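To start, the structure under review is shown below, and the notes come after it.
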Amino acid sequence: MTDQAPIVVRVEQHGTPSGLANRLAPLCRLVSRGQAPPEAVNQGRGLRHSIGTLAHAPGLALNIALFEVAPGRLPFRAELLERHAASEQLIQPIRAACGWIALLAPDLGGQPDLQRLVAVHLRSDQGIVYGRGVWHLPILAIGTEPSLFLVQSMQAGSPTDTVEKVLKPHLILLDGDVPG
């Protein structure tokens, strides 16, 4: 696969959280602290920031994980997408100094619809809840230091919880960059 010329995918920049949320609405929900007023907890010593729930098929258990992610940079050569057909999936940065890139594609009969790829740069305080069955790039954190992400989804503990698809290479560039 690496001998093929990559397809260029440009990362969109959105000036406002509402513009980004509107662009991603068909595929996922944008989440961040501050979407709803926090609730005082622990006898007033803390604040609970609820960011949402996960839609899922019956019979699944909550899978909660921390992902340590090696630093990445653009341009990036994407050769794999994954999806979770039975559950939505939360990806929330805990430590990602320069933010991260989300590359998403709707499902088309069990395959990613590569004609409708969307790539966006998210800030370090912005997370995503990927819709059920939405194809997406595994976490791509941007920067020079390792990043840490909270990942939650509902799973059955079977090989079909996460399905991967190898792609013809796609070169992810910031909008305005020229392939090198």
Side-chain angles (χ1 to χ4, degrees), residues 1-9 11 20-21 23-32 50-96 99-122 124 126-143 145-172:
M1 288 253 161
T2 56
D3 294 339
Q4 300 177 21
I7 297 169
V8 173
V9 179
V11 175
L20 178 59
R23 176 66 174 113
L24 295 175
L27 301 171
C28 64
R29 297 188 316 272
L30 183 66
V31 294
S32 63
S50 293
I51 58 175
T53 60
L54 300 177
H56 59 87
L60 303 178
L62 179 61
N63 181 297
I64 304 168
L66 292 174
F67 280 54
E68 291 183 70
V69 181
R73 63 179 191 191
L74 297 178
F76 179 81
R77 193 177 177 101
E79 298 182 8
L80 178 88
L81 292 180
E82 65 181 31
R83 76 175 187 140
H84 315 280
S87 173
E88 293 183 322
Q89 183 186 44
L90 167 72
I91 309 286
Q92 178 65 50
I94 294 173
R95 182 184 66 242
W100 60 294
I101 302 296
L103 176 68
L104 314 94
D107 183 67
L108 185 62
Q111 299 293 319
D113 183 351
L114 299 177
Q115 300 303 312
R116 296 174 50 202
L117 275 173
V118 175
V120 293
H121 181 231
L122 297 157
S124 60
Q126 291 177 313
I128 278 184
V129 176
Y130 289 119
R132 286 172 65 174
V134 170
W135 291 92
H136 59 90
L137 182 70
I139 299 170
L140 174 57
I142 302 301
E145 299 293 323
S147 296
L148 187 64
F149 288 78
L150 172 67
V151 178
Q152 293 184 333
S153 63
M154 305 297 287
Q155 298 185 4
S158 75
T160 60
D161 287 334
T162 301
V163 176
E164 295 179 342
K165 174 71 175 172
V166 175
L167 304 175
K168 176 180 179 182
H170 286 65
L171 189 64
I172 303 173

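Sequential numbering from 1 along the given sequence is applied to the chain's residues. If you're wondering where the values come from, they're calculated on a predicted model, not measured in any experiment.
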For salt bridge (Lys or Arg N to Asp or Glu O under 4.0 Å), just list the numbers for R29 and E88, CA-CA rounded to whole Å, side-chain angles, deciding distance to a tenth of an Å, and then say yes or no. CA-CA 10 Å; R29 297 188 316 272; E88 293 183 322; 2.9 Å; yes
Given side-chain contact (heavy atoms from CB on, under 4.5 Å), test I91 with I139 step by step and report yes or no. CA-CA 8 Å; I91 309 286; I139 299 170; 3.9 Å; yes
Determine whether R83 and V134 satisfy the following criterion, side-chain contact (heavy atoms from CB on, under 4.5 Å), listing intermediate values before the conclusion. CA-CA 6 Å; R83 76 175 187 140; V134 170; over 6 Å; no
Does the side-chain contact (heavy atoms from CB on, under 4.5 Å) test come out yes or no for L117 and H170, once each step is laid out? CA-CA 10 Å; L117 275 173; H170 286 65; 3.5 Å; yes
With side-chain contact (heavy atoms from CB on, under 4.5 Å) as the criterion, how do V163 and E82 come out once you've worked through the C-alpha distance, each side chain's angles and the decisive distance to 0.1 Å? CA-CA 5 Å; V163 176; E82 65 181 31; over 6 Å; no
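A donor-acceptor pair under 3.5 Å is absent between the side-chain atoms of W135 and the main chain of L103, judged by distance alone. A donor-acceptor pair under 3.5 Å links the side-chain atoms of S87 to the main chain of M154, judged by distance alone.
A distance of 9.0 Å separates CG in L137 from CG in L104, rounded to the nearest 0.5 Å. Rounding to the nearest 0.5 angstrom, the gap separating the CG atom in L90 from the OG atom in S153 is 9.5 Å. K165 contributes atom NZ, which lies 11.5 Å from atom CG of D107 (distance to the nearest 0.5 angstrom). The line from CZ of F149 to CD of Q92 is 9.0 Å long, rounded to the nearest 0.5 Å. With values rounded to the nearest 0.5 angstrom, R132 atom CZ is found 13.5 Å from Q89 atom CD. With rounding to the nearest 0.5 Å, the separation of CD1 in I94 from OG in S124 is 12.0 Å.
Looking at L167 and P112, their side chains come closer than 4.5 Å, going by heavy atoms from C-beta outward. The closest side-chain heavy-atom distance from P106 to D113 is below 4.5 Å. The side-chain heavy atoms of L122 and I128, taken from C-beta on, include a pair separated by under 4.5 Å. Looking only at side-chain heavy atoms (C-beta outward), I142 and W100 stay at 4.5 Å or farther from each other.
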Side-chain atoms of residues 61-74: list all donor-acceptor pairs with protein atoms under 3.5 Å, sequence neighbours left out, distances to 0.1 Å.
| from | atom 1 | to | atom 2 | distance (Å) |
| --- | --- | --- | --- | --- |
| N63 | ND2 | Q155 | OE1 | 3.4 |

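Salt bridge K168/E79: absent, no basic N to carboxylate O contact under 4.0 Å.
Scanning all heavy atoms of the two residues, the minimum distance from A78 to I172 falls at CB-CD1, 3.9 Å. Taking every heavy atom of both residues into account, S158 and T160 meet most closely at OG-OG1, 2.9 Å. V11 and V120 get closest at one heavy-atom pair: CG1-C, 3.5 Å. For the pair D161 and A156, the tightest heavy-atom approach, listed with the atom from each and the gap, is OD1-N, 3.0 Å.
Taking the ring pair (Phe, Tyr, Trp, His ring centres under 6.0 Å) definition, one finds that H84 meets it with H136, sequence neighbours left out.
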